[in-house]
K.L.:
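Questions regarding the structure given below will be posed in turn.
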Amino acid sequence: MKIRSLTARPILDSRGAWTIETAIELWNGARAKASAPQGKSTGKAEAPAIPAAAAIANTNDLLSSHAARVDFRDQASFDALLCEINGGSARAKVRLGSSATLAASVAFLRATAQSRGVPLWREVGAAYGEPLPSWADAAKPWLFANLVNGGLHAGNNLDFQEYLAIAKGRTFRESTEIIADLYRELGNALVRAKGKNARNVGDEGGYAPDFSSAEEPFRIMARLAKKLKLGNKVMFGMDAAATDVPRGARSRLGERYASFIRRYGLAYLEDPFGEEEFGKFAALTEKFGGEIWIAGDDLTTTNTNRMARALKEGSVNAVIVKPNQIGTVTLALDAVRAARRYGWAVIASHRSGETDDDFIADFAYGVRADGLKLGAPARGERIAKYNRLLEIEAEAAAA
Ligand code: PGA
Ligand code: ZN
């Protein structure tokens, strides 16, 4: 696969911040583009990004001239070149940054899929190269929808960042309907209880009014799930994003989680402690790991070295995989392979600053992740991922 042109330009993300979009054309005529999301509650160990303007300039000068000289065997060889050009060490700064490497990496994968005439998720599966888990009873990934926003993603009084509804329908269509119904009911209930401003949303499309306590969102969502007779098709979870919880609100976290688990049947807990607190994670996983998923995000940053440490210390039994945390498709697939070897659940995830790029849906389906975090069914950049999953379902049925 030889690249005829590779060009980057600035586009906006969902917070109105500049990010990078990269277009690739192969000599065989295939053309594709991809853009990079950007986080706000980012982990310190994430692969570094550089400002969009510098990332774009270096992609157009440095990367495009290097890439034009190589005949690439596969995704791994293209991604290896990205890492080589990116460079980076204790002394030298990276030259592309994770947004530029990811945008180029995904654009290349899309161009390859197009060359072969297969859907993108199939190309993800081919690059993954491992046997896929066969999920007999349900469509996976399950949808992890962030229906109430707090922390750094909203201007309200919630210290915890995300209140998640997890839909386990038999199809993506059914899961999407479950989330959309619950989301609308929740909006109505919040308006009734708190006034018309309660339907205003945060960065990931979840509602963001003030609440009387950290557990009130769970109480309301549990009541509505019962009213809608969702039964065991819906579960609840939380991304505490504890590194960004204000210091004063960090006392007795373990006890509070235990109460959420007991009272609301919480099935999923992400980043319950700070990003270096491997030991505190381990104590919680020791206690509750038999019944619920405890996931690392800022703790593990899609980085196999940090994942190996989390395994050694028994910190988690699930992991968030965000391709832009590590910078290429190949490295994100390495993280999935490691997680599967460790017996962990895999939850692929968008970022709080998103574009309309829907790659993460193909990634999640391509490796049959257990979950996909995609925000609430609101705002175009979130809806793009739901709608792509619905399209994938149709493509898979037609195959
Ligand atoms: P971020 O948050 O995209 O702002 O980092 C998402 C998360 O913590 O899962
Ligand atoms: Zn998180």
Side-chain angles (χ1 to χ4, degrees), residues 13-17 19 35-49 97-99 102 141 143-156 158-166 201-206 208 236-245 253 257 266 268-277 281 284 293-303 306-307 310 315-316 318-327 332 335 339 344-355 357 359-360 363-364 369-376 379 381-382 384-385:
D13 76 4
S14 56
R15 280 189 283 253
T19 186
S35 56
Q38 310 188 91
K40 190 189 246 177
S41 73
T42 49
K44 275 205 198 69
E46 292 190 23
S98 56
S99 294
L102 184 71
L143 305 188
F144 282 51
N146 180 7
L147 300 189
V148 172
N149 293 183
L152 295 185
H153 294 166
N156 60 7
L158 292 176
D159 295 320
F160 298 125
Q161 183 176 281
E162 304 177 11
Y163 291 76
L164 304 158
I166 300 165
V201 302
D203 288 9
E204 294 189 352
F236 297 103
M238 163 180 272
D239 179 3
T243 306
D244 297 308
V245 167
L253 280 178
Y257 298 139
L266 224 64
Y268 174 82
L269 191 48
E270 176 181 332
D271 278 349
F273 299 104
E275 62 193 334
E276 297 301 334
E277 297 182 312
F281 271 77
L284 199 73
W293 280 336
I294 296 171
D297 170 16
D298 293 349
L299 183 84
T300 36
T301 59
T302 316
N303 177 319
R306 290 182 70 92
M307 288 169 66
S315 306
V316 299
V319 70
I320 285 286
V321 174
K322 290 171 171 169
N324 86 320
Q325 277 182 329
I326 195 69
W344 295 354
V346 171
I347 298 101
S349 172
H350 69 160
R351 300 306 301 248
S352 57
E354 270 291 337
T355 69
D357 194 305
F359 166 69
I360 197 65
F363 181 85
D370 300 271
L372 171 60
K373 271 180 79 178
L374 38 46
R379 306 178 47 136
E381 77 282 3
R382 314 294 147 188
K385 282 67 167 174

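All values derive from a computational prediction rather than experimental measurement. We count ligands from 1, going down the list as the structure has it; atoms in each ligand are counted the same way. Just so you know, residue 1 is the first one in the sequence shown, and it goes up from there. As a basis for the values below, the full set of heavy atoms in this structure was taken, side chains included, without hydrogen atoms, waters or symmetry mates.
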K.L.:
In terms of side-chain heavy atoms, does S352 have a donor or acceptor partner in R15 at a distance below 3.5 Å?
P.N.:
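Yes, side-chain donor-acceptor contact under 3.5 Å.
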
K.L.:
Mind checking whether S349 has an N or O less than 3.5 Å away from an N or O of ligand 1?
P.N.:
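N/O-N/O distance under 3.5 Å: no.
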
K.L.:
Output the list of atoms in ligand 1 that are nearer than 4.0 Å to some heavy atom of H153, sorted by atom number.
P.N.:
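Counting atoms of ligand 1 from 1, those under 4.0 Å from H153 are 1 (P), 2 (O), 4 (O), 6 (C).
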
K.L.:
Are any side-chain N or O atoms of D239 and backbone N or O atoms of E162, one a donor and one an acceptor, separated by less than 3.5 Å?
P.N.:
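A pair under 3.5 Å: no.
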
K.L.:
Using heavy-atom distances, let me know which of K322, H350, R351, E354 sits nearest atom 7 (C) of ligand 1.
P.N.:
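Of the listed residues, K322 has the closest heavy atom.
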
K.L.:
I'd like to know if the side chain of R379 reaches the main chain of V201, judged simply by a donor and an acceptor atom lying under 3.5 Å from each other, with no hydrogens or angles considered.
P.N.:
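Side chain of R379 to backbone of V201: no pair is present.
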
K.L.:
Check this for me: does any side-chain nitrogen of one of E354 and K385 sit under 4.0 Å from a carboxylate oxygen of the other?
P.N.:
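Salt bridge present between E354 and K385.
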
K.L.:
Begin with the C-alpha distance, continue with both residues' side-chain angles, and end with the deciding distance and a verdict on salt bridge (Lys or Arg N to Asp or Glu O under 4.0 Å) for K322 and E46.
P.N.:
CA-CA 10 Å; K322 290 171 171 169; E46 292 190 23; 5.4 Å; no

K.L.:
Only heavy atoms of D297, strictly under 4.0 Å: list the atoms of ligand 1 that pass.
P.N.:
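Within the 4.0 Å cut-off of D297, ligand 1 contributes 7 (C), 8 (O), 9 (O).
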
K.L.:
Looking only at N, O or S atoms, find the one in E270 nearest to the Zn ion (ligand 2) and name it.
P.N.:
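When I compare the N, O and S atoms of E270, OE2 is nearest to the Zn ion (ligand 2).
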
K.L.:
Is a donor on one side and an acceptor on the other found under 3.5 Å between the side chain of K40 and the backbone of L152?
P.N.:
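Yes.
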
K.L.:
Looking at K373, which atoms of ligand 1 are within less than 4.0 Å of one of its heavy atoms?
P.N.:
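Going through ligand 1 atom by atom, the ones under 4.0 Å from K373 are 9 (O).
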
K.L.:
Counting each atom of ligand 1 from 1 as listed, which ones have a heavy atom of S41 under 4.0 Å away?
P.N.:
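Those atoms are 1 (P), 2 (O), 4 (O), 5 (O), 8 (O).
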
K.L.:
As an exercise, identify every atom of ligand 1 less than 4.0 angstrom from a heavy atom of G39.
P.N.:
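Those of ligand 1 that fall under 4.0 Å from G39 are 1 (P), 3 (O), 4 (O), 5 (O).
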
K.L.:
Is it true that E270 and K373 make a salt bridge, defined as a side-chain N closer than 4.0 Å to a carboxylate O?
P.N.:
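Salt bridge present between E270 and K373.
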
K.L.:
Could you identify the single nearest non-hydrogen protein atom to atom 8 (O) of ligand 1 and state the distance to 0.1 Å?
P.N.:
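Answer, as residue, atom name and distance: Q161 NE2, 2.9 Å.
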
K.L.:
Is the contact between S352 and ligand 1 made by the side chain, the backbone, both, or neither, using heavy atoms and a 4.0 Å cut-off?
P.N.:
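Looking at S352 and ligand 1, atoms from backbone and side chain both fall under 4.0 Å.
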
K.L.:
I need the atoms of ligand 1 closer than 4.0 Å to a non-hydrogen atom of E270, numbered in the order shown.
P.N.:
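Selected atoms, number and element: 9 (O).
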
K.L.:
Are any side-chain N or O atoms of N324 and backbone N or O atoms of S99, one a donor and one an acceptor, separated by less than 3.5 Å?
P.N.:
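Side chain of N324 to backbone of S99: no pair is present.
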
K.L.:
In ligand 1, which numbered atoms sit nearer than 4.0 Å to a non-hydrogen atom of E162?
P.N.:
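Answer, ordered by atom number: 6 (C), 7 (C), 9 (O).
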
K.L.:
Which atoms of ligand 1 have any heavy atom of D239 under 4.0 Å away?
P.N.:
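Reading through ligand 1 atom by atom, the close ones are 7 (C), 8 (O), 9 (O).
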
K.L.:
Can you tell me which portion of I320 lies within the under-4.0 Å heavy-atom range of ligand 1? Options are side chain, backbone, both, or neither.
P.N.:
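For I320, there is no contact with ligand 1 at all, from either part.
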
K.L.:
Mind listing the closest non-hydrogen atom pair of A165 and L147 along with its distance?
P.N.:
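Closest approach of A165 to L147: CB-CD1, 3.7 Å.
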
K.L.:
Once rounded to 10 degrees, what value does the angle at the Zn ion (ligand 2) take between OD2 (D239) and OD2 (D297)?
P.N.:
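That angle works out to 170° after rounding to 10°.
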
K.L.:
For Q325, which of D298, T301, N303, D297 qualifies under side-chain hydrogen bond (donor to acceptor under 3.5 Å, both in side chains)?
P.N.:
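Answer to the side-chain hydrogen bond (donor to acceptor under 3.5 Å, both in side chains) test with Q325 among D298, T301, N303, D297: D297.
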
